[in-house]
Asker: 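Can you keep this structure in mind? I'll have questions shortly.
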Amino acid sequence: MIGSETPPGRFERLVNRLPEGAVLRGVFVSLLAVSAAIVYLDYRDLAAATADVERTMRTEPLPLPRPEPGDQVRPYLPRTIPVGPDRGEPTLPGYDGPVGGEAMAEPMRFVAAPGGAVTAIGRIEIGTGAQLTAFLAEQGIRAGSTVHLHSPGGSVDDAIEMAREIRRLRLSTSVPDDGYCASACPLVLAGGVTRAAGTGAWVGVHQVYAVDIPGMPELRDVGSSISEIQATIARCQELLVEMGVDPAVWIKAMQTPPEELYVLTEDDLSTYRMVQAEPDASLFIGPPAPEALLDEGDVAVTPAISPDAG
């Protein structure tokens with residue numbers, strides 16, 4: 001019929017029954033809830049970022065409980081050391097300066113001690129590998145000497161370079177009692193023909209991560225960054241195999257976020273061959289494959305590795 005109006009639909013009738021202004025109030029409340037959620041997420045991210053900055057920039061020693069088997073993950077301290085009621089200060093041959101945050105925040109320094117011992121203390125920066133090579137040559141450090149490490153880590157590539165130079169010269173490595181060897185530092189430790197970790201020493205690993213380096217070109221995209229990190233992980237595992245360390249230790253590293261540290265127990269250090277009282281024999285063929293990967297009756301076979309590799 002001309003002029004007739006279509007009766008309102010169900011949704012329209014429902015809206016018409018709402019009290020005046022209810023729709024606007026509902027929209028306002030929804031916007032308020034969304035805004036509150038955004039503010040909360042921003043606050044949470046800001047709090048996390050602030051905590052991370054405090055952790056990474058902290059130079060005062062941080063009290064932390066001693067790791068125990070099954071409870072081995074602790075915050076990673078890139079510029080200081082963990083301390084506790086039962087931890088003392090490490091003694092480093094030839095070095096009598098500070099061993100806490102003031103030393104950990106500085107680029108690595110090398111000190112020669114009587115008898116050929118060397119102390120390496122501080123962060124491993126880009127160029128530290130070349131500096132160690134020059135220092136060992138200048139000091140005439142010979143096979144049988146020991147490099148004593150106290151470091152929060154740093155540049156992975158330089159740590160690998162240091163490890164290979166230490167092995168080339170057939171030096172030993174050691175982390176002193178209550179010493180700290182974290183992040184990339186265990187790679188340097190692996191370079192010793194013999195390796196030791198004293199009582200209360202913290203030797204810890206975590207994931208490799210990318211950082212912005214002043215003066216260096218930035219990676220173009222996330223894919224490039226991931227590719228570079230994977231290549232770095234491969235170089236770390238390759239080094240460990242060359243040095244006679246069980247590369248399975250790097251599984252612990254890959255399972256541990258960059259802001260945390262997986263501290264190896266005495267049993268871990270021995271099992272993964274991170275500590276080694278005697279040099280490997282010339283016919284040593286590398287760490288055995290994990291038992292879980294072998295079927296009954298199988299024999300683990302790995303390629304021959306020269307102890308002078310690298």
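Please read these numbers as outputs of a predicted model, since none were measured by experiment. Position 1 is the first residue of the sequence, and the numbers go up from there.
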Asker: State which residues pass side chain to side chain donor-acceptor pair (under 3.5 Å) with Gln237; sequence neighbours excluded, sorted by chain then number.
Answerer: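 With sequence neighbours excluded, Gln237 shows a side chain to side chain donor-acceptor pair (under 3.5 Å) to no residue whatsoever.
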Asker: Do the side chains of Glu228 and Arg235 get close enough for a salt bridge, i.e. N-O under 4.0 angstrom?
Answerer: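 Arg235 and Glu228: salt-bridged.
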Asker: Output, in order, the C-alpha distance, side-chain angles, deciding distance and verdict of side chain to side chain contact (heavy atoms under 4.5 Å, CB included) for Leu171 and Leu136.
Answerer: CA-CA 10 Å; Leu171 307 179; Leu136 295 176; 4.0 Å; yes
Asker: How would you list, by chain and number, every residue that makes a side chain to side chain donor-acceptor pair (under 3.5 Å) with Asp158, sequence neighbours excluded?
Answerer: Ser155
Asker: With no hydrogens and no angle check, is any side-chain donor or acceptor of Arg79 less than 3.5 Å from a backbone partner on Gly101?
Answerer: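 No; zero donor-acceptor contacts below 3.5 Å.
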Asker: Name the residue from Leu187, Val147, Ile124 that meets the side chain to side chain contact (heavy atoms under 4.5 Å, CB included) definition with Met162.
Answerer: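 That would be Ile124.
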Asker: Are any side-chain N or O atoms of Ser151 and backbone N or O atoms of Arg123, one a donor and one an acceptor, separated by less than 3.5 Å?
Answerer: no
Asker: Please test Val111 against Leu92 for side chain to side chain contact (heavy atoms under 4.5 Å, CB included), starting from the C-alpha separation and ending with a verdict.
Answerer: CA-CA 9 Å; Val111 180; Leu92 299 161; over 6 Å; no
Asker: Mind checking salt bridge (Lys or Arg N to Asp or Glu O under 4.0 Å) for Arg87 and listing every partner two or more places apart, or none if nothing turns up?
Answerer: none
Asker: Going by ring-ring contact (aromatic ring centres under 6.0 Å, His included), name the pairs with one or both residues in residues 123-173, residues two or more places apart or in two chains.
Answerer: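 Output for this query lists Phe110-Phe135.
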Asker: Got a sec, which pairs hit side-chain hydrogen bond (donor to acceptor under 3.5 Å, both in side chains) with one end in residues 98-111, sequence neighbours left out?
Answerer: Tyr95-Arg109
Asker: I'd like to check the side chain to side chain donor-acceptor pair (under 3.5 Å) partners of Gln72; sequence neighbours left out, ordered by chain and number.
Answerer: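 Result, side chain to side chain donor-acceptor pair (under 3.5 Å) vs Gln72: Tyr262, Asp268.
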Asker: Apply side chain to side chain donor-acceptor pair (under 3.5 Å) to Ser270 and list each qualifying residue two or more places apart in sequence or on a separate chain.
Answerer: none
Asker: Could you go through Val208 and Trp250, starting from their C-alpha distance and side-chain angles, then the distance that decides it, and tell me whether this counts as side chain to side chain contact (heavy atoms under 4.5 Å, CB included)?
Answerer: CA-CA 10 Å; Val208 174; Trp250 216 247; 4.3 Å; yes
Asker: For Cys236, enumerate each residue passing the disulfide (SG to SG under 2.5 Å) test, keeping only those at least two apart in sequence or located in another chain.
Answerer: none
Asker: Is there a donor-acceptor pair closer than 3.5 Å between any side-chain N or O of Glu260 and the backbone N or O of Arg74?
Answerer: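 Here the side-chain-to-backbone pair does not exist.
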Asker: By salt bridge (Lys or Arg N to Asp or Glu O under 4.0 Å), which residues pair with Arg66, not counting sequence neighbours?
Answerer: Asp86
Asker: Per the disulfide bond (SG atoms under 2.5 Å apart) rule, what does the pair list look like for residues 140-192, sequence neighbours excluded?
Answerer: Cys181-Cys185
Asker: Does Glu266, at its CD atom, have more than 12 non-hydrogen atoms belonging to other residues, nucleotides or ligands within less than 6.0 Å?
Answerer: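 Count not over threshold, so no.
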Asker: Can you pull the salt bridge (charged side-chain N to carboxylate O under 4.0 Å, His left out) pairs that have at least one residue in residues 129-140, sequence neighbours excluded?
Answerer: none
Asker: Are the side chains of Glu242 and Arg164 in touch, meaning some heavy atoms are under 4.5 Å apart?
Answerer: yes
Asker: Which residue pairs pass the side-chain hydrogen bond (donor to acceptor under 3.5 Å, both in side chains) test with at least one member in residues 176-202, sequence neighbours excluded?
Answerer: Ser172-Thr194, Ser183-His206
